Every structure is written in C-alpha cells, then in structure tokens.
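One structure is given below, encoded as structure tokens.
For this chain, numbers begin at 1 and follow the sequence in order. Note that the coordinates shown come from a computational prediction; the quantities given were computed from them, not determined experimentally. We use all heavy atoms of the structure for the numbers below, so side chains are in, but hydrogens, waters and symmetry mates are not.
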Amino acid sequence: SKLMMPILVFLSVVIVIYSVTRPGALEGVKYFLIPNIKNFSWMTVVAAMGQMFYSLSIAMGILVTFGSYMKKDVSIEGSTQNVEIFDTAIAMMAGLMIIPAVFAFSGGNPDTLQAGPALMFVLVLCAALTSSIALTESAVSTFQDELKWGRKKATVFVGIIMVVLGSLSSLGYGPLACVKIIGMQFLDFFDFLTNSVMMPIAAIATCLLISRVVGTKKIEEEVLQEGGTFRRKRIFNFMIQYLCPIFAAIILFSSVANAFGWISM
C-alpha cells in the first residue's frame, strides 16, 4: 500500500536514532563510515558487487516483471534515478541501524559483524516481507505466462516452496545449526547461492539477451517513448555489452572459487 513506505522509513529513522545513541555505539558509527584500507581486499569488491545485485533487485526477474506493468507515460530514466537515490539512502540507514547496535551490545567486538545474513534476518523483517512479495510476483507471473496456470494455483505453489526454503533458513541458526552445506549454515548457503551464483549467471544471460538478441536499439526506443529522455544511452550501451557481463563473470568465478577454497581472498 501507499502507507507502507512512509511507515518503513519512519520506523527506520526511529531505530537509527535508538541505535546510534546506545552507549558505545559511536565506535560502530566510526567503523561503518570511516574506510579501513587494511581490511580491503578483492573479495571486498566481489562481496559489494554481489550485494548490489540483491539490493537493486537486479537479475531476479523483479525489474522485468514490474517493468512490464509500467504505464507508457512513466519515465524509465526518472524511475531509475529514484531507485538509485532511495536505495543508497536506505542502505546507509540499514548500516546505521545494525552496526552501531552490534558494537553497543557486543562490547565493541567487530568480529560479531561477520554474521551478516543472521543480523539482517533479525533487523529487517519488514523490508524482507516487501521484497518477498516482489519476488513472489516475479515467480507467479512466470508460471502464469509460461505454464498458463491460474494465479491462485501459481501463488500457492510458489508459497509452499518459499515456506519450505524459508523454514530451513530460519532454523539454520537454531535447531539445524549443526547441518552445514560446504561449510555454511542454510541461510548463509542460500545467500551465497542466490547472490554469488544464480544472480551473476542471470545477469550475464540478461546482458547477452539485450545486447545480442533484442538489441540496444529496441531498448532506446522503449526508453524514449512518450517523450522520455535517455541521457545515459552511451554509458548504458557500453555497460550492457561489455562491462556488466565481464564483471558478473568475475563475481561468479571469484565467489565460487573462494567458497570451495580454490582461491583465498
């Protein structure tokens, strides 16, 4: 609903204020905002790029699904700018919610920050709920279009799969903590599988589809219709044809190699 986003923003601001005002939280704010070159490695870049896929909902089918519902008079470039601004702002707020609180409640031990997915699972339940709705729509619409299923049947089927996999993830740090896949608990494994494996593969396939099959000319026509603008045409064409597929392939190789211990970064 239209009220969901303002409520989430308000709650986020309240949590940020509470988090940064805890005793000892200021060290967490410094840890979050001041770069530490000693901790920087190639894996930092790979992890950041993997997080970018998840954060911007790239290569999940969400953008394709909701893009297909857009009205013709909506500016694609303008919508993209809004996503860039709000995604960055919310990411900063998420950091200020989580990291200072961890420092405050763990006595300033930065090692506790290694449990990224576990911390996010606890603190962004509302955001996860809205994301799950978007992801469900992407899967449901695919079953409707490709298998000609009814909406109710597709929703129930996808819902069951989500409950099963979600239950494994939620129990992975509890009763099923002893069960590990390539050294990871369920939540960490699914996070690795989606962020570092499935999304880069989907991103490479999408880049090839747009640049080699659909053609960038068709994208330009779509963006410019109804008086829209496409000021980033040149950089988009360069990125979709060369930069994005190469970097996605690097993320895929680096993440998988690091997970299996072939390389250490």
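Note on Met199 and Ile246: same hydrophobic cluster, where clusters join Ile, Leu, Val, Met, Phe, Trp and Tyr whose side-chain heavy atoms are under 4.5 Å apart, directly or indirectly. Hydrophobic clustering, with ILVMFWY side chains joined whenever heavy atoms are under 4.5 angstrom apart, keeps Ile204 apart from Phe247. Criterion: ILVMFWY side-chain heavy atoms under 4.5 Å apart, direct or through other members. Under it, Val29 and Ile90 are part of a common hydrophobic cluster. Hydrophobic clustering (ILVMFWY, side-chain heavy atoms < 4.5 Å, transitive): Met93 and Val102 are in one cluster.
Figure legend: Arg234 and Phe238 shown without cation-pi pairing, the cationic atom not lying both under 6.0 angstrom from the six-membered ring centre and within 45 degrees of its axis.
Taking the six-membered ring for Trp and thresholds of 30 and 60 degrees, Phe103 and Tyr31 have ring planes inclined between 30 and 60 degrees apart. Ring pair Phe230/Phe236 is tilted by interplanar angle, where 30° to 60° counts as tilted.
With contacts defined as side-chain heavy-atom distances shorter than 4.5 Å, the pair Asn39/Thr44 does not qualify. Inter-residue side-chain proximity for Ile76 and Met70 is flagged as met; some heavy-atom pair is nearer than 4.5 Å.
When atom types are taken as modelled, the side chain of Thr194 and the backbone of Asp191 share a donor-acceptor pair closer than 3.5 angstrom. Of the possible donor and acceptor atoms, none in the side chain of Ser254 sits under 3.5 Å from a partner among the backbone N and O of Ile251. A donor-acceptor distance shorter than 3.5 angstrom exists from the side chain of Gln241 to the backbone of Asn237, with no hydrogens or angles considered. Although no hydrogens or angles enter the test, the distance criterion places no donor-acceptor pair under 3.5 Å between the side chain of Ser255 and the main chain of Leu252. The backbone N or O of Asp145 lies less than 3.5 Å from a partner atom in the side chain of Lys148, making a donor-acceptor pair.
Of all the heavy atoms in Phe32 and Ile99, the pair that sits closest is CD1-CD1, 3.5 Å.
Of the inter-residue distances, the one linking Ile235 atom CD1 with Ile240 atom CD1 reads 12.0 Å to the nearest 0.5 angstrom. Distance CD/Glu77 to CG/Leu224: 9.0 Å, rounded to 0.5 Å. Note that CD of Glu84 is 11.0 Å distant from OG of Ser79, once rounded to the nearest 0.5 Å.
In summary, Lys217 and Glu222 do not engage in a salt bridge, as defined by a charged side-chain N under 4.0 Å from a carboxylate O.
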